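To keep things clear, I will list the structure first and then write my remarks on it.
Because the structure is a prediction, the values reported are computed rather than measured.
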Amino acid sequence: MTVSILIVDDEPDVAVLFRQQFRREAREGAYVLHFALSASEALERLATDIEPQLIVILSDINMPGMDGLALLREIKTRRPDLAVIMLTAYGDEERRRRAAEYGAVEFLTKPVDFDFLKERLRQLPARLT
C-alpha cells in the first residue's frame, strides 16, 4: 500500500536530501513524498486531499513566520489523528517537552538518522489501522 509523507522545512535542500534517502522506497511504491517550504504552505496542502493517504507530517521546528511547534498545534486541531514527527537542529529539552505536550509522536534531531526514521515510519500505518 502506498502512503504519503508531507515534509515541511524552509530549506529547499531538505527536499533533495529526502528524495535521495527515500529513492528506493519511492521507486518501490511505499511512499509518495510531498514538500512544503513553510507552515502556511503545509496547512494549505493539508486542506486539500493529499493522495495517496497522508500518514505523517515531518516538520522542522525553526522556520520563519509560524514555527513548527505552532504548526503542530494547528495540525492537531484540524487532524488530531495525523502523526507528526518534529525535526530540529536544536534538541533542547524545552522543545522536546513542548513537542510531546502538543502531540508529536517523535522528536528527531538533525542530521536525521534515516534508518531510525524509516523504522518509525514503518510502524505508523499499523498504528493507524
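- Atom CD1 of Ile85 and atom CD1 of Ile5 lie 8.5 Å apart (nearest 0.5 Å).
- The salt bridge (charged side-chain N to carboxylate O under 4.0 Å, His left out) test applied to Glu101 returns Arg97, not counting sequence neighbours.
- Annotation: side-chain hydrogen bond (donor to acceptor under 3.5 Å, both in side chains) contacts of Ser4 (sequence neighbours excluded): His34.
- For Ser40, the side-chain contact (heavy atoms from CB on, under 4.5 Å) partners two or more places apart in sequence, or in a different chain, are Ser38.
- Here Phe114 pairs with Phe18 under the ring-ring contact (aromatic ring centres under 6.0 Å, His included) rule; sequence neighbours left out.
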Begin from the C-alpha positions of Thr88 and Leu108 and carry the test side-chain contact (heavy atoms from CB on, under 4.5 Å) through to its verdict. CA-CA 7 Å; Thr88 185; Leu108 303 177; over 6 Å; no
Evaluate Met1 against Gln53 for side-chain contact (heavy atoms from CB on, under 4.5 Å), listing each step before the verdict. CA-CA 10 Å; Met1 176 173 130; Gln53 177 191 6; 3.6 Å; yes
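- Judged as a side chain to side chain donor-acceptor pair (under 3.5 Å), the pairs with a partner in residues 8-21 (not counting sequence neighbours) are, in order, Asp9-Lys110.
- Transitive grouping of hydrophobic side chains (ILVMFWY, heavy atoms separated by less than 4.5 Å) keeps Val16 and Val32 in distinct clusters.
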Assess whether side-chain contact (heavy atoms from CB on, under 4.5 Å) is satisfied between Val8 and Glu41, documenting all intermediate values. CA-CA 8 Å; Val8 186; Glu41 184 181 345; over 6 Å; no
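- Applying the salt bridge (charged side-chain N to carboxylate O under 4.0 Å, His left out) rule to Glu28 yields no partners; only residues at least two apart in sequence or on another chain are considered.
- Just one residue in the list Val105, Ile61, Thr109 forms a side-chain contact (heavy atoms from CB on, under 4.5 Å) with Met86, and that residue is Ile61.
- Considering Leu87, Ile7, Val112 as possible partners of Val14, the one that fulfils the side-chain contact (heavy atoms from CB on, under 4.5 Å) test is Ile7.
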I'd like to know whether Glu74 forms a salt bridge (charged side-chain N to carboxylate O under 4.0 Å, His left out) with Arg78, so could you lay out the CA-CA distance, the side-chain angles of the two residues, the decisive distance to 0.1 Å, and finally the verdict. CA-CA 6 Å; Glu74 186 61 32; Arg78 296 179 186 199; 2.8 Å; yes
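- Between Tyr90 and Arg95 there is a side-chain heavy-atom pair separated by less than 4.5 Å.
- Under the side-chain contact (heavy atoms from CB on, under 4.5 Å) rule, Leu6 has a single partner from Val56, Leu54, Leu58, which is Leu54.
- Both tests do not hold together for Arg96 against Phe107: distance to the six-membered ring centre under 6.0 Å, angle to the ring axis within 45°.
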List the steps and the verdict of side-chain contact (heavy atoms from CB on, under 4.5 Å) for Leu46 and Leu82. CA-CA 10 Å; Leu46 194 58; Leu82 186 59; 3.8 Å; yes
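- A salt bridge between Asp115 and Lys118 is absent, with no side-chain N of the basic residue lying under 4.0 Å from a carboxylate O of the acidic one.
- Under the 4.5 Å side-chain contact rule for hydrophobic residues, Met63 and Leu37 do not share a cluster.
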